[in-house]
Trainee: 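Have a look at this one before I ask anything.
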Amino acid sequence: MLRRNLVIFLLSALALFTFAFPQEAASSSTLPDSASLTPEGSSLGSFLHLSDIPNDGGGGIEISWEAGDSLSNYFITIVRREGDKRKVVATDILASSGQARDVNSDEDRTNIKDGTEYYYTAVLSEFMISQEMIDYLTCDSLDMKVFTIADSSQVYVLSDESGPVKSKASWFNLERLTVLISAIIITFLFLWYFQLAKKGKDLYIRKINGLDAVEEAVGRSTEMGKPIMYILGIGYVTDIPTIAGLTILGRVAKKVAEYETKILVPSYDPVVMTTAQEVVKEAYTEAGRPDIYNKNDIMYITQDQFGYAAGVDGMMMREKPGAVFLQGLFFAESLILAETGHSIGAIQIAGTTETAQLPFFVAACDYTLIGEEMMAASVYLQKDPLMLGSIVAEDGMKVIIVVILVLGIVLGILGPGFHIGIIDKLFNLLIEIL
Amino acid sequence: MKIFEKLAHIDRRFIYILIAIVVIVPLLLKPKLPIIPTKPVKDIYEYVENLPEGSNVLISIDYDAASMPEQQPFLEALLRQCFRNKIKPVMIVQWQLGAPLGTQGLEKIARECNAVYGVDYINLGYRPGYVAQMVGLGREIRDYFSMDYRNVSVDSFPIMKNIHNYNDFALLVGLEAGSTYLAWVEYAGGRFKQKIALALNAVSAPDAYYFYQSKQIIGLVGGMKGAAEYEVLENKADLAVAGMASQSYSHILIILFIIFGNIAYFVEKNRKKKEGGK
Amino acid sequence: MATTIGIWIAAGLTLFIYSFLYKDNPFYKFAEHLYVGITAGYWLIYTWAYTIQPMLLDPIIKNKEFILIIPAFFGIIMLTRWFPSISWLSRWSIAFTVGIGAGLGVTGSIQGFILPQMKSTILPLTGFNFATFNNLLIVFGVITTLVYFYFSKEHRGVLGKGAKIGMTFIMIAFGASFGYTVMARISLLIGRIYFLIFDWLGSIF
Amino acid sequence: MLKSKNIPLAITFIVGLIMIVSFFIPHRPFGDIETISLKWYSIIAGFTMLLGVDSLLGLHFRKIKRREETWIHSIVLIAGFVLVVIAGVWGTVQYGSAFDERSFFTYIYNYFIVPLQATMFSLLAFFVASAAYRAFRARNVDAALLLITAVIVMLGRVPVGELISPYLPRFTDWIMEVPQMAAKRGIGLGIYLGALGVSIRIILGIERSYLS
């Protein structure tokens, strides 16, 4: 079994490493510091750096610039030119933020049309740009070649026009390549194990140690001549933990039939009750004791969370079961049930996927099936190929994850740890790929 | 060994009364617990304290009734501080279910500090939009908030005259019960360099701690304990400070229950073992 | 005036619910059923105000987005469950929603959780300091927890020890979640009792 | 033919596949399929809400008709439902939105739903207290470890913790940031792998329980 997982792992590791990403070298012209920036002084040059936003649905231009720290609290207003039409696309952006995006928003879908050429100019100002200045920037008489424009309050410095730039939509989002590869590997793993399970090849699932606690609990309870109580929680038939709870009920009922004692199943939902009655009846016939199956032992209490807890509590105090099973979907009411079960001295075996309730079950019950363990227990009992295949496939994925993490440790120690150049690069590559 | 036997089976209701007493008494007596403000909370307090008069603070309500005891006290303490320093809170809401709570807190403290609506503070209420709205606030707040929470145009209020985008807000304070703060930090902080302070429920506060270490947020208030620290800084002890006493004593009571219950359990087990078990 | 009545109603309902602590009684049942009824009505209005109207009716009426007929169609045939003879039609819309959910489930769990969590568990281990110790412990914890949930092989030998250590990590995580849940619920209790004492009784005396 | 299960299974397969494919293609029609499908999902969920409300009201009407033991409370439930719906409609008519501050609908939210919800949640504080005394036992090493960590975290998060020792809160922070983080991640990976498995089985039509 482990050998096959290793083969699968090598295949996936190979696929992951062949896709190294070329680093985009961003050339940039640094801005002269403010001292030399006098009205007649040197111009900003083609200050803005333009590119189409990659991996997007089009209609997006990335505008970035390098602002020297002396200019970090200046403001930048960006003017776009399309043919002879000019438009102010962004005002008063902090120079230190280093980038802005001119994109289509939900309201205005035609701001940027793919494939058309745009030219951008930056207007640098010490204070917020005035409204007249904004109007002036877009009027036709303005000649954009001039370096500085002054208005009543301050001097604005214009950069050269940079461009042209076109926006385009990309057909494949490169950033999500790793997700694609992982999805392919995982789906392949699932299908592989489904076929095996369907062909009847018995895939091995270890015995969940909670299950032999079931044997012991039912045995001890019958010695004391006490009934067994099985509580399915407040889930519905469509909830996965309730389905798993019903499977485990089948096993417990079969054991109870063999020991010829009584099993009580108080239910929260009528549909779950009828299903439970079917499961118990079938288990009793399987154990060869259909005669002692009593339909009324599986009864409906109420469909209200704490009302159900109070009802089951009362029954526990009256019937004093020797063993209590809490298997299914539980919320805050689980505490009342587990507490009363403990106070009457019953052996309690709990199981749920609700991570919020698990700590309380672990503290209050003798044995707890934690999340996935409950699923595995129901699969161990019922050997349904559908579930068997998926549990083993998930195990396969866990092997892949663990191996990649171990690889991370090795690279982590050698790369950053001992500063071995190439391993360091490999280490960062691994992080970037994920 | 009889008493362990009897005590192990005392009635559940007696314990309910005990926990109720341990919560009620400190609320009434308001004992002076030494609440020492920690650095992440002090950073927010000092930042707001040194803001120039008339600067605006954007407060986002991202919690609902279930986390009211942990968030409302901090909201009220922060608003008191703002009004005292003539700082103008602007309230917006990302979680609709929190809108009534935000409004309640704002109106209560505004009345207390007799602040004038539309001049000293304003409540813009809830608008859908989430991330798109956060980015939109970088350009013009009126794209998303053209009306206040009573559908009155914002331009009819003097406070909104020079408020356009993040540049006009000295600080963004997010009161968070869920993970909306991740979007605030990524968009408002990352893209528009907006200074951010966060108040989170006790459960999720540890997850946001590394934002504070990496300086992406200026400070972090965690649960009712953080709120109590802020009330101590604002030296107006209220729900959170009183609550912290009850919280401390309830925790101690539950811890004693666990310890005592286990002592009885182990004594019982040894007794059974000594008798060789029936 | 309305707020004082409101405070009395809220205080009454709070005491009705807490009466369950004494024993299950008609007062508790009254408050509980009222709660179920009111929240059902609240979410119906909420769904209308924030889903049906803004996403379906307004777009169709105002800006003629007739493509929304498709979800409306699937929504309406969902209601065929009321008529047993044609209730099989509702399976189509269940299939449609489950299809969307499953599609999002596949990409969402990989991109939203599995890859980022793996990425943040690959940590630099530089020098013998506290940070490296922590990083190593985190990666070791994640690995042993996964080993605990490994079902394809018997937990014996190295795998057995790994699972045992994994169990320790799980127990620490459960202990922390136990502590936080207790803290959050006690905060809520304090909030309720603060309301009863100061807002309610406070308004009388 | 129309009644057979193949059509729903085909719908699930096609819709699931489109969702997955459009995740990788940002270009025009595919790029915003995800946002559109989320909107459609909530529209259909809105209609499903009617089914839920109907089954709830139907259950309680039957209880009243058959004079079952708690039939009076069923009347209270239905009355509460009708009251809120009328308030919602009236609020929408009067203020343009039921959720407006001044509407009776918001009044019901503030003075009925908030107290009821907060009180229901706070009940757990009582149950935990009594379970702590009567049921939480360190019966094995694991349970002991759990209880000890719980005690440390509970002390570390309240001012009393700092009184005991200034290192306690820092130790609690360490527990939260290292061991607890690692285990939460491991458990989370397990759960999401399971969810991934369910999603794949549903799309491929292997898992059919939702159609029963």
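Chain letters run A, B, ... following the sequence lines, proteins first, then strands; residues in each count from 1. Because the structure is predicted, anything quoted here is derived from the model rather than measured.
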Trainee: Are any non-hydrogen side-chain atoms of A:Leu358 and C:Phe174 less than 4.5 angstrom apart?
Mentor: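 Yes, at least one pair of side-chain atoms sits under 4.5 Å.
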
Trainee: Does the side chain of A:Arg206 reach to within under 4.5 Å of the side chain of C:Lys153, using non-hydrogen atoms?
Mentor: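 No, their side chains stay 4.5 Å or more apart.
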
Trainee: Ring pair (Phe, Tyr, Trp, His ring centres under 6.0 Å) for C:Phe16 and C:Tyr28? Distances and angles first, verdict last.
Mentor: CA-CA 5 Å; C:Phe16 278 13; C:Tyr28 166 74; over 10 Å; no

Trainee: For the pair C:Phe178 and A:Phe360, name the ring-plane relationship: parallel under 30°, tilted 30 to 60°, perpendicular over 60°.
Mentor: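 Aromatic pair C:Phe178/A:Phe360 classed tilted.
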
Trainee: In terms of side-chain heavy atoms, does C:Thr132 have a donor or acceptor partner in C:Asn135 at a distance below 3.5 Å?
Mentor: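 No pair is found: no donor N or O on one side chain lies under 3.5 Å from an acceptor on the other.
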
Trainee: Out of C:Met171, C:Arg185, C:Lys119, return the one with the most heavy atom pairs under 4.5 angstrom to chain A.
Mentor: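 Going by pairs under 4.5 Å, I would pick C:Lys119.
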
Trainee: What part of C:His155 is in contact with chain A, defined as an atom under 4.5 angstrom from a non-hydrogen atom: side chain, backbone, both or neither?
Mentor: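 Backbone plus side chain of C:His155, per the 4.5 Å heavy-atom cut-off to chain A.
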
Trainee: Would you mind telling me which of C:Lys23, C:Gln111, C:Lys29 has the largest number of heavy-atom pairs within less than 4.5 Å of chain A?
Mentor: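 Of C:Lys23, C:Gln111, C:Lys29, C:Gln111 has the most heavy-atom pairs under 4.5 Å with chain A.
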
Trainee: What orientation do C:Tyr50 and C:Tyr46 show, parallel under 30°, tilted 30 to 60°, or perpendicular over 60°?
Mentor: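 The rings of C:Tyr50 and C:Tyr46 sit tilted, inter-plane angle from 30° to 60°.
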
Trainee: CE of A:Met387 to OG1 of A:Thr247: how many Å apart, nearest 0.5 Å?
Mentor: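 It is 8.0 Å, given to the nearest 0.5 Å.
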
Trainee: Examine whether an atom of C:Thr181 lies under 4.5 Å from a heavy atom of chain A, and if so say whether it belongs to the side chain, the backbone or both; otherwise answer neither.
Mentor: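 For C:Thr181, the side chain is the part near chain A, not the backbone.
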
Trainee: Which bit of C:Glu32 is near chain A, if near means a heavy-atom gap under 4.5 Å: side chain, backbone, both or neither?
Mentor: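 The side chain, not the backbone.
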
Trainee: If I measure from the heavy atoms of chain A, does C:Phe20 come under 4.5 Å with its side chain, its backbone, both, or neither?
Mentor: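 The answer is the side chain of C:Phe20.
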
Trainee: Go through the atoms of A:Ala183 and report whether side chain, backbone, both or neither lie under 4.5 Å from a heavy atom of chain C.
Mentor: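 Looking at A:Ala183, backbone and side chain both touch chain C.
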
Trainee: Go through it in stages, so that I can follow the logic: the residues are A:Ser334 and A:Gln357, the test is side-chain hydrogen bond (donor to acceptor under 3.5 Å, both in side chains), and I'd like the CA-CA distance, side-chain angles, deciding distance and then a yes or no.
Mentor: CA-CA 7 Å; A:Ser334 61; A:Gln357 295 310 317; 2.9 Å; yes

Trainee: Rounded to the nearest 0.5 Å, how far apart are CZ of A:Phe190 and CZ of A:Phe194?
Mentor: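 It is 5.5 Å, given to the nearest 0.5 Å.
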
Trainee: Tell me, for C:Tyr148 versus chain A, whether the close heavy atoms (under 4.5 Å) come from the side chain, the backbone, both or neither.
Mentor: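 Both backbone and side chain of C:Tyr148 come within 4.5 Å of chain A.
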
Trainee: Start with the C-alpha gap between C:Arg81 and C:Ser87, add the side-chain angles, then the distance that decides, and say whether side-chain hydrogen bond (donor to acceptor under 3.5 Å, both in side chains) holds.
Mentor: CA-CA 4 Å; C:Arg81 290 179 81 87; C:Ser87 74; over 6 Å; no

Trainee: Identify the residues of residues 362-371 of chain A whose heavy atoms come closer than 4.5 Å to a heavy atom of chain C, ordered by number, or report 'none'.
Mentor: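 Under the 4.5 Å heavy-atom cut-off, A:Val362, A:Ile370 qualify.
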
